[in-house]
Chemist: 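Quick one: structure below, then a few questions.
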Amino acid sequence: MQMDKKYPEYKQLSLTRIGNEVLNFWTENNVFEQSLENRRNHTPYVFFEGPPSANGVPGIHHVMARAIKDIFCRYKTLKGFYVERKAGWDTHGLPIEIAVEKTLGITKEDIGKKISVDDYNKACRKEVMKYKDLWDDLTLKIGYWVDLNDPYITFENTYIETCWYLLAQLYKKGLLYKGYTIQPYSPAAGTGLSTHELNQPGCYRDVKDNTVVAQFKVRRDTDHALLNTLFEGGNAEVFILAWTTTPWTLPSNTALAVGKDIDYVLVDTFNPYTSLPVRLVLAKPLFGKYFPEKNAEFTMESYEPGSKNIPFKVITEFKGSQMAGLRYEQLLPYAQPETGDAFMVVTGDFVTTEDGTGIVHIAPSFGADDFKVARQNGIGALTLVDKQGRFTAEMGEFAGRYVKSEYMTDDDPMRNENVDIDIIVKLKKENRAFKTEKYEHSYPHCWRTDKPILYYPLDSWFVRATALKERMMELNKTINWKPESTGTGRFGNWLENLNDWNLSRSRYWGTPLPIWVSEDREEEICIESVEQLKAEIEKSVAAGFMKSNPFAAFVPGDNSAENYNKFDLHRPYVDDIVLVSPKGNKMTRETDLIDVWFDSGAMPYAQFHYPFERKDELNEYFPADFIAEGVDQTRGWFYTLHAIGTLAFDSVAFKTVVSNGLVLDKNGNKMSKRLGNAVDPFETLEKYGPDATRWYMITNAQPWDNLKFDLEGIAEVQRKFFGTLYNTYSFFSLYANIDGFRYEEAEVPFASRPEIDRWILSELNSLILDVDDAYADYEPTKAGRLISDFVDAHLSNWYVRLSRRRFWKGDYSQDKISAYQTLYQCLVTLAKLASPIAPFFTDRLFIDLNGITGKEKHASVHLSDFPVADTSMIDKQLEERMEYAQVISSMVLSLRKKTNLRVRQPLQKVLIPVSGTAFQSQLEKVSNLIASEVNVKEIEYLSESAGFLVKKIKANFKTLGPRYGKQMKDVAATIAAFSQEQINQIEKDGKLIFMLNEDEIEIFLQDVEIITEDIPGWVVANQGSLTVALDITLTPQLVEEGIARELVNRIQNLRKDKGFDVTDKISIRIDKLDSIEAAIAHNYTYICSETLCEKLEILDPDQLSGKEIIDLTDDISVGIAINKLV
RNA sequence: AGUCCCGUAGCUCAGUUGGUUAGAGCACUACACUGAUAAUGUAGGGGUCCGCAGUUCAACUCUGCGCGGGACUACCA
């Protein structure tokens, strides 16, 4: 190190510039890699990066999410852990296919025809990494340290192979099965959806549908005990009413469900559309909804067709159980079910009387409950809708029409037609509709196409997640959720209501299901590795089912990229593989792909190609100690990680999870490109720099609360936190450079340091403990706020403010060295404490400091160790008395303000009443600080209370409350009304007994709070239990000193204006004025030494040239000229 | 419809195991301090702590019922 090397000084703070410079420094010196190397073979701290999809552009919320991840990884690194961080990309799935189809202008059917499979495959690989550069750029710019050079990519063969391995493990455990069920299905996407896909935010949306209460005509020509009752005394047709929000399912109706304990009524009335007399069945609790009380007055006979006043008459009532088995005429007879019974009333426990009619229309193909209840009762099904969402050919005039208009293309001539309405119209004409209305309810939509889904019968492969539901819940209890409620509430509820995981997707671009099945479905094989597949193909080739082995060149055990790039496990290549069963039968692959969420849930293992690589090290990278993503991943990634962890390894996949909330705009609205309120992360980083952006996001709201993102807030952080810290450093470097402080002197012993140094070091060490706790508890907001409070309130506005003089005045003494060492320690420690949150600025600070002193061997703060608190330096008494000093100073300043005595005017003394010696000795240790801060000459303590002070007494509710309960109010009032004598007595004796309505009340000193309210003849201020009085007498000497100080201040300002260096010596010439002459004469040395003046002349105003006229006080103006001495 | 989170000054947020007169910052006004400071200090305005009930001597804090905002769940006809 060169002797003349200096701490860098800056003209102004630019966090953006620092961000760029430090980023270059990291890149050039491989600091991230070093930070890993530094901790190699230390205890691992396992972190999983949730893979984003790079086919969308990153938003400001990604900055938030990535900052949180980065903070804890950096913190743990500082704490000595080895934190491997592998980036990852989620590359499979529908959005990629859709984007590719759009880009190439093709549809799914064109694959292999208009475009070769190879090209399609390539296009997908390209599409999926479309914005990778943008993502990498953002990742670097915000300082998120993650290994971008060797990311895991879900479309790679090695990744897929691990997925296959995991599926095979589940298969072996009997946790994979194929089932025919009613599933959410997206006709627009042409694929079924899993429940957690449906549970993505925004999938359920409120829509208005046309609903209808349909009349199902009871058949009289069958045997049923209830028929006599239903048809008694009338020949009108009898109808059962059932409500639906999906009229397009009515042609597929095959049953009606009632609740067996629900009461139903039989009513005579007229159909409002046809005015024909009808007899209806509906649930009694819902009767009033259709038959308003006011219509009861109308008689059946008085009804005029078309009138709105429709009369009604209740005939009888019965239970739902009595209705079971009733037969009815098919409502819309387009087709008949091929198997099973149909058009019968059944009972179901899901029927409620919440809405509708208390009778549920059952279309087994389009509802899970419908399917279940139909199967239980042997009812057949009708599926009069195809997979594109159109009515089938059997549907007569409706054949070929889409059941939801959203499925039509924009230029479809039927675009504005709604088939539900046409069905309703038909029912109305046929006297089969009793009521119709628009109804708003929430309906699930496909998260990819934004179009409504249908429930549709599909063949699918499922993971039997329900089998391990209990275990998942048990393991969940061991996970540390931040916040806790997400784990117990949201995630816990989800596990309780768990369904089996539907894995199947009918698409192209994804991980293929590795299951081959024989034609008769008797024989199955689930492949768990490429090696196994290759061997199976060999058998198939031998059996003559395949001509050659596409995996011939693959060398088992060779994990090189080259070896794994010799083939492609994607469709349709994999579909060409035909295997041979043990019995010698042909086996073909189940054509489904698996849910992309399985890919992401498999990342803990697949990122390292487990178990084909790093098999024995599993416990070094699984389970994760920590993961973090948005709360919207609760049913997404958090679930799939947990499910696979539990099912395949009987383990949690993560021990701690931080789920962060949404980033909203400053008005609390969701950000969206459409509304134009989305914040561009790149612009924000460019303008405010990464540190301020991160600091703001972390300290403004808890990560799990939603953040109202306001750029003003970043500006404030920049000014308040970084500006203050920067200024503190500037102050340090300015004087340290002058004095040549390089931390070369021996450490000044702690006990020898002055009070204020020991105080800030005590606070600093307390801060280390608190911040460490906050990080360890995954509370970054708390950590950040603690740090900024320390910098602002303690370091800058008290320590530096009061110590300023020590830095620039006098010789390079031990006191001065102590000041430098103390401030240096504070700054270096702060750099380390804050480095997880603000990695760039703190590294600059660390390097600027350490570059001169060489105190630490590390080239970067991120290679250092987290500070360890020296608890021997923590002195709570000292912290307490310094707080007294701050409060008292502020009270005196307040008094000065009230009495219009500015701080430069010295005053003689401050009087502080003290109640005990302990308190007084506390104050005595800080009295000089108070005196200099508020510019008074002495502090006097007043322990004598007799007569002089006016005191006030208050009850201490905390101690008296439990003792006196109901009497508390009276006791408090009595105490407040104590006379001065009584107060003095309790102070003297320590206790007092008084009577309150017959009862004897005994109180002690700790049961009351006594404060001095007033000191007659003084100006007094109170705050809490503290009281101060100020002597405001101005002697001529004090006035002169005041003038001298004003003069010094003006001269200093002149020096600064003229750009003199702080060490320049000057000469001063001043106008000769009567009002100040004595002040200068009596304070001559003081003025000269403060201003570094070698020569002070007082000249007649006429003779003074080159002077400036300065206002000294309200009444005095004076001409001053200063010159630099060479 | 249910579950969870949130509701404190114009704005962003603190508020310990219930304890007396509910705080900070920003913004606004005035004044002051400063040879580090885009900082800071002092003073001022600004509050039915979402509402109502209950428990308690005492509720911003605990309980219940509502209201408003948000997230999530749902077979919901």
Side-chain angles (χ1 to χ4, degrees), chain A residues 12-13 182 198-199 201 204 211 242-246 249 257 348 350-352 354-363 367-372 441-442 444 455 483 485-486 488-490 492-494 497 631-632 634-635 661-662 664 666 668 670 699-701 704-706 708 710 712-713 715-716 718-720 723-724 726-735 785 789 792 796-797 800-801 804 807-808 889-890 893-898 900 902-904 954-962 964-972 976 1009 1048-1049 1051-1053 1055-1056 1060 1062 1090-1092:
Chain A
Q12 78 177 70
L13 173 66
I182 307 302
L198 217 51
N199 288 332
Y204 281 84
T211 70
W243 181 56
T244 182
T245 55
T246 51
T249 60
F350 53 86
V351 181
T352 67
E354 299 272 308
D355 42 26
T357 62
I359 298 157
V360 177
H361 137 66
I362 300 293
D369 272 335
D370 305 48
F371 181 78
K372 212 165 77 188
H441 63 143
S442 72
Y455 286 91
S485 60
T486 303
T488 52
R490 192 176 291 193
N493 289 343
W494 165 251
N497 301 318
V631 70
D632 54 341
T634 308
R635 267 103 183 178
L662 300 170
L664 308 169
K666 64 177 175 184
K670 254 188 169 166
T699 57
N700 192 60
W704 34 90
D705 287 337
N706 289 344
K708 290 181 187 166
D710 187 357
E712 289 289 320
E716 189 181 324
Q718 194 177 24
R719 262 205 323 274
K720 207 166 163 52
T724 305
Y726 157 80
N727 284 321
T728 306
Y729 168 78
S730 302
F731 173 82
F732 169 83
S733 59
L734 175 64
Y735 293 107
R785 286 177 181 174
D789 285 351
D792 187 39
S796 172
N797 284 308
V800 174
R801 182 182 167 87
R804 248 176 300 144
F807 288 89
W808 52 265
S889 297
S890 125
L893 291 173
S894 160
L895 287 172
R896 279 182 168 277
K897 168 71 193 165
K898 270 187 198 135
N900 266 326
R902 57 182 167 272
V903 182
R904 274 192 222 101
K954 277 200 307 196
N956 179 353
F957 282 69
K958 212 164 184 172
T959 58
L960 287 170
Y964 293 105
K966 277 195 199 306
Q967 294 170 291
M968 193 55 219
K969 268 189 186 131
D970 290 339
V971 172
E1009 197 184 336
V1048 168
N1049 171 257
I1051 293 165
Q1052 304 288 35
N1053 287 345
R1055 285 182 60 118
K1056 205 175 178 182
F1060 291 1
V1062 288
E1090 287 299 305
T1091 58
L1092 299 186

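The figures that follow rest on heavy atoms only: side chains count, while hydrogens, waters and symmetry mates do not. Residue numbers start from 1 in every chain, and the chains themselves are labelled A, B, ... in the order their sequence lines are given, proteins ahead of strands.
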Chemist: To the nearest Å, how far apart are A:Asp792 CG and B:rA38 C1'?
Modeler: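 Atom CG in A:Asp792 sits about 13 Å away from atom C1' in B:rA38.
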Chemist: For B:rU12, does OP1 or OP2 lie under 4.0 Å from any side-chain N or O of A:Lys708?
Modeler: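 Result: yes.
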Chemist: With heavy atoms under 4.0 Å as the rule, sort A:Tyr455 into base, sugar-phosphate or nothing.
Modeler: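 The answer is sugar-phosphate, as A:Tyr455 gets under 4.0 Å only of primed atoms, P, OP1 or OP2.
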Chemist: Rounded to the nearest 0.5 Å, what separation is found between the CZ atom of A:Arg902 and the CG atom of A:Leu893?
Modeler: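 One gets 14.5 Å once the value is rounded to the nearest 0.5 Å.
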Chemist: For atom P, what is the distance between B:rG25 and B:rG51, given to the nearest Å?
Modeler: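 Per the computed distance, 25 Å lies between those P atoms.
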Chemist: Among the candidates B:rU40, B:rC26, B:rA36, find the nucleotide nearest to the side-chain atoms of A:Lys720.
Modeler: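 Among B:rU40, B:rC26, B:rA36, the one nearest the side chain of A:Lys720 is B:rU40.
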Chemist: Which heavy atom of A:Phe957 sits nearest to which heavy atom of A:Ala972, and what is that distance?
Modeler: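 What the structure gives for the nearest pair is CZ-CB, 3.8 Å.
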Chemist: Within the pair A:Tyr726 and B:rA36, is there a side-chain N or O less than 4.0 Å away from OP1 or OP2?
Modeler: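 Result: no.
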Chemist: Rounded to whole angstrom units, what separation is found between the CD atom of A:Gln718 and the P atom of B:rA39?
Modeler: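 Computing the A:Gln718:CD to B:rA39:P distance gives 12 Å.
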Chemist: Would a distance-only check, ignoring hydrogens and angles, find a side-chain to backbone donor-acceptor pair under 3.5 Å from A:Ser894 to A:Ser890?
Modeler: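 The answer is no, because no donor-acceptor pair under 3.5 Å joins these two groups.
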Chemist: Could you work out the separation of B:rU73 and B:rC57 based on their P atoms and round it to a whole Å?
Modeler: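 45 Å, rounded to whole Å.
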Chemist: Looking at every strand, decide which applies to A:Val800 at a 4.0 Å heavy-atom threshold: base, sugar-phosphate, or nothing.
Modeler: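 Counting heavy atoms under 4.0 Å across all strands, the contact made by A:Val800 includes a base.
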Chemist: Grab the CG-C1' distance between A:Asn700 and B:rA24 for me, whole Å please.
Modeler: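 After rounding, the gap between these two atoms is 13 Å.
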Chemist: So, does A:Arg896 get its side chain near the phosphate of B:rU42, meaning an N or O under 4.0 Å from OP1 or OP2?
Modeler: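 No.
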Chemist: What's the CZ-P distance between A:Phe807 and B:rU34, to the nearest Å?
Modeler: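 My rounded result for the distance is 19 Å.
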Chemist: Of all the nucleotides listed (B:rU42, B:rC75, B:rA39), which has the minimum atom distance to the side chain of A:Ser890?
Modeler: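 So the nucleotide nearest the side chain must be B:rU42.
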Chemist: I need the A:Tyr726 OH to A:Ser796 OG distance, nearest 0.5 Å.
Modeler: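 Taking OH in A:Tyr726 and OG in A:Ser796, the distance rounds to 13.5 Å.
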Chemist: Output, in order, the C-alpha distance, side-chain angles, deciding distance and verdict of side chain to side chain contact (heavy atoms under 4.5 Å, CB included) for A:Ile359 and A:Val351.
Modeler: CA-CA 7 Å; A:Ile359 298 157; A:Val351 181; over 6 Å; no
Chemist: Let's see if you can work this out: which of B:rA36, B:rA27, B:rA43 has an atom nearest to the side-chain heavy atoms of A:Arg719?
Modeler: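 Taking heavy atoms from C-beta onward, the closest nucleotide is B:rA27.
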Chemist: A:Asp370 vs A:Ile182, test: side chain to side chain contact (heavy atoms under 4.5 Å, CB included). Steps then yes/no.
Modeler: CA-CA 9 Å; A:Asp370 305 48; A:Ile182 307 302; over 6 Å; no
Chemist: Is there a Watson-Crick or G-U wobble partner for B:rA32 with both distances under 3.5 Å, and if so, which one is it?
Modeler: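 B:rA32 is paired, partner B:rU40.
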Chemist: Any side-chain N or O of A:Ser733 less than 4.0 Å from the OP1 or OP2 oxygen of B:rA36?
Modeler: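 A:Ser733 to B:rA36 OP1/OP2: no side-chain N or O under 4.0 Å.
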Chemist: Among B:rC33, B:rA14, B:rU73, which is the nearest nucleotide to the side chain of A:Arg785?
Modeler: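 For the A:Arg785 side chain, the nearest candidate turns out to be B:rA14.
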Chemist: Closest nucleotide of RNA chain B for A:Ala701 versus for A:Val351: which of these residues is on the 5' side?
Modeler: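 First, find each residue's nearest nucleotide; the 5'-ward one identifies A:Ala701.
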Chemist: Can you tell me, in whole Å, how much space there is between the C1' of B:rA9 and that of B:rG45?
Modeler: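 Straight-line distance between the two C1' atoms is 11 Å.
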Chemist: Can you work out whether A:Thr245 or A:Thr699 has the more 5'-proximal nearest nucleotide on RNA chain B?
Modeler: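 Taking each residue's closest nucleotide, the earlier one in sequence belongs to A:Thr699.
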Chemist: Would you kindly give the CG-to-P distance between A:Leu13 and B:rA36, to the nearest whole Å?
Modeler: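 That distance rounds to 18 Å.
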Chemist: Looking at B:rA39, B:rC57, B:rA36, which one has an atom nearest to any side-chain atom of A:Tyr735?
Modeler: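 Output: B:rA36.
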Chemist: Using a 4.0 Å heavy-atom cut-off, does A:Ala955 contact any base of the nucleic acid, only the sugar-phosphate backbone, or nothing at all?
Modeler: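 Since a base atom lies under 4.0 Å of A:Ala955, the category is base.
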Chemist: What's the gap between B:rU56 and B:rA1 when it is taken at their P atoms, as a whole Å value?
Modeler: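 Their P atoms lie roughly 34 Å apart.
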Chemist: What is the distance, to the nearest angstrom, from the OH atom on A:Tyr964 to the P atom on B:rU56?
Modeler: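 One finds 21 Å between P of B:rU56 and OH of A:Tyr964, rounded.
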Chemist: Pairing check on B:rC26: which nucleotide meets the Watson-Crick or G-U wobble criteria with it, both distances under 3.5 Å?
Modeler: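 By the stated definition (distances under 3.5 Å), B:rG10 pairs with B:rC26.
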Chemist: Look at A:Arg804 and B:rU40 and indicate whether a side-chain polar atom (N or O) is within less than 4.0 Å of OP1 or OP2.
Modeler: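 Looking at the OP1 and OP2 atoms of B:rU40, neither is under 4.0 Å from any side-chain N or O of A:Arg804.
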Chemist: A:Gln967 CD to B:rC57 P: how many Å, rounded?
Modeler: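 So the CD-P distance, A:Gln967 to B:rC57, works out to 12 Å.
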Chemist: How many angstroms lie between atom CD of A:Glu1090 and atom CD1 of A:Ile1051, to the nearest 0.5 angstrom?
Modeler: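 A:Glu1090 CD to A:Ile1051 CD1: 10.5 Å, rounded to 0.5 Å.
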Chemist: Distance check, rounded to the nearest 0.5 Å: A:Thr1091 atom OG1 versus A:Phe1060 atom CZ?
Modeler: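 Here the rounded value is 11.5 Å.
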Chemist: Could you tell me whether the phosphate oxygens of B:rA39, OP1 or OP2, come under 4.0 Å of any side-chain nitrogen or oxygen in A:Ser796?
Modeler: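 Looking at the OP1 and OP2 atoms of B:rA39, neither is under 4.0 Å from any side-chain N or O of A:Ser796.
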Chemist: Quick one: label A:Gly961 by what it contacts on the DNA or RNA (base, sugar-phosphate, nothing), any heavy atom closer than 4.0 Å.
Modeler: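 Counting heavy atoms under 4.0 Å across all strands, the contact made by A:Gly961 includes a base.
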Chemist: Could you give the distance separating B:rG70 and B:rC31 at their C1' atoms, to the nearest angstrom?
Modeler: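 Their C1' atoms lie roughly 44 Å apart.
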Chemist: Once rounded to the nearest 0.5 Å, what's the spacing between atom OH of A:Tyr735 and atom CZ of A:Arg804?
Modeler: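 A:Tyr735 atom OH to A:Arg804 atom CZ measures 9.0 Å (nearest 0.5 Å).
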Chemist: Tell me whether the OP1 or OP2 atom of B:rA32 has a side-chain N or O from A:Arg902 closer than 4.0 Å.
Modeler: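 Answer is no, no contact under 4.0 Å.
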Chemist: Which part of the nucleic acid, if any, lies within contact of A:Asn956, taking any heavy atom under 4.0 Å across all strands shown: a base, the sugar-phosphate backbone alone, or nothing?
Modeler: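 Base, at least one base heavy atom under 4.0 Å.
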Chemist: Side chain of A:Glu716 only, heavy atoms from C-beta on: which candidate in B:rU40, B:rA38, B:rC26 is closest?
Modeler: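 Selected nucleotide (nearest to the side chain): B:rC26.
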Chemist: What about A:Lys958: does its side chain form a donor-acceptor pair under 3.5 Å with the base of B:rU17?
Modeler: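 Result: at least one qualifying N/O pair found.
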Chemist: Might you point out which heavy atoms bring A:Arg785 and A:Asn700 nearest each other, and give the distance in Å?
Modeler: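 The answer is NH2-O, 3.2 Å.
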Chemist: For A:Thr246 and A:Thr244, which heavy atoms make the closest approach, and how far apart are they?
Modeler: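 Scanning both residues completely, I find the closest heavy atoms to be N-OG1, 3.0 Å.
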Chemist: Mind checking if A:Leu893 touches a base, just sugar-phosphate, or nothing, with heavy atoms under 4.0 Å?
Modeler: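 Sugar-phosphate contact only.
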Chemist: Just to confirm, is there a sub-4.0 Å distance from OP1 or OP2 of B:rC33 to any side-chain nitrogen or oxygen of A:Arg801?
Modeler: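 No, because none of the side-chain N or O atoms of A:Arg801 sits under 4.0 Å from OP1 or OP2 of B:rC33.
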Chemist: So what's B:rU73 paired with, Watson-Crick or G-U wobble, going by both distances under 3.5 Å?
Modeler: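 The answer is B:rA1, by the H-bond criterion.
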Chemist: Rounded to whole angstrom, note down the C1' distance from B:rA71 over to B:rC75.
Modeler: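 B:rA71 and B:rC75 have their C1' atoms separated by 22 Å.
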Chemist: Could you identify the nucleotide paired to B:rA53, looking across every strand shown and requiring Watson-Crick or G-U wobble geometry with both distances under 3.5 Å?
Modeler: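 Matched B:rA53 with B:rU63 under the 3.5 Å cut-off.
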Chemist: Give the rounded distance in Å between these two atoms: CZ of A:Phe732 and C1' of B:rU37.
Modeler: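 For the pair A:Phe732 CZ and B:rU37 C1', the rounded distance is 17 Å.
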Chemist: Taking the C1' atom in each of B:rA27 and B:rC11, what is the distance between them to the nearest angstrom?
Modeler: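 These two C1' atoms come out 8 Å apart once rounded.
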Chemist: If you measure from CZ on A:Arg719 to CG on A:Leu13, what distance do you get to the nearest 0.5 Å?
Modeler: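 Between atom CZ of A:Arg719 and atom CG of A:Leu13 there are 12.5 Å.
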Chemist: Do nucleotides 58-63 of chain B as a string where each nucleotide becomes B, S or -: B if the base has a protein heavy atom under 4.0 Å, S if just the sugar-phosphate does, - if no protein is that close.
Modeler: ------
Chemist: When the C1' atoms of B:rG69 and B:rU16 are considered, how many whole Å apart are they?
Modeler: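 Here B:rG69 and B:rU16 have their C1' atoms 28 Å from each other.
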Chemist: Please write out each protein N/O paired with an N/O of nucleotides 5-10 of chain B under 3.5 Å, distance rounded to 0.1 Å.
Modeler:
none

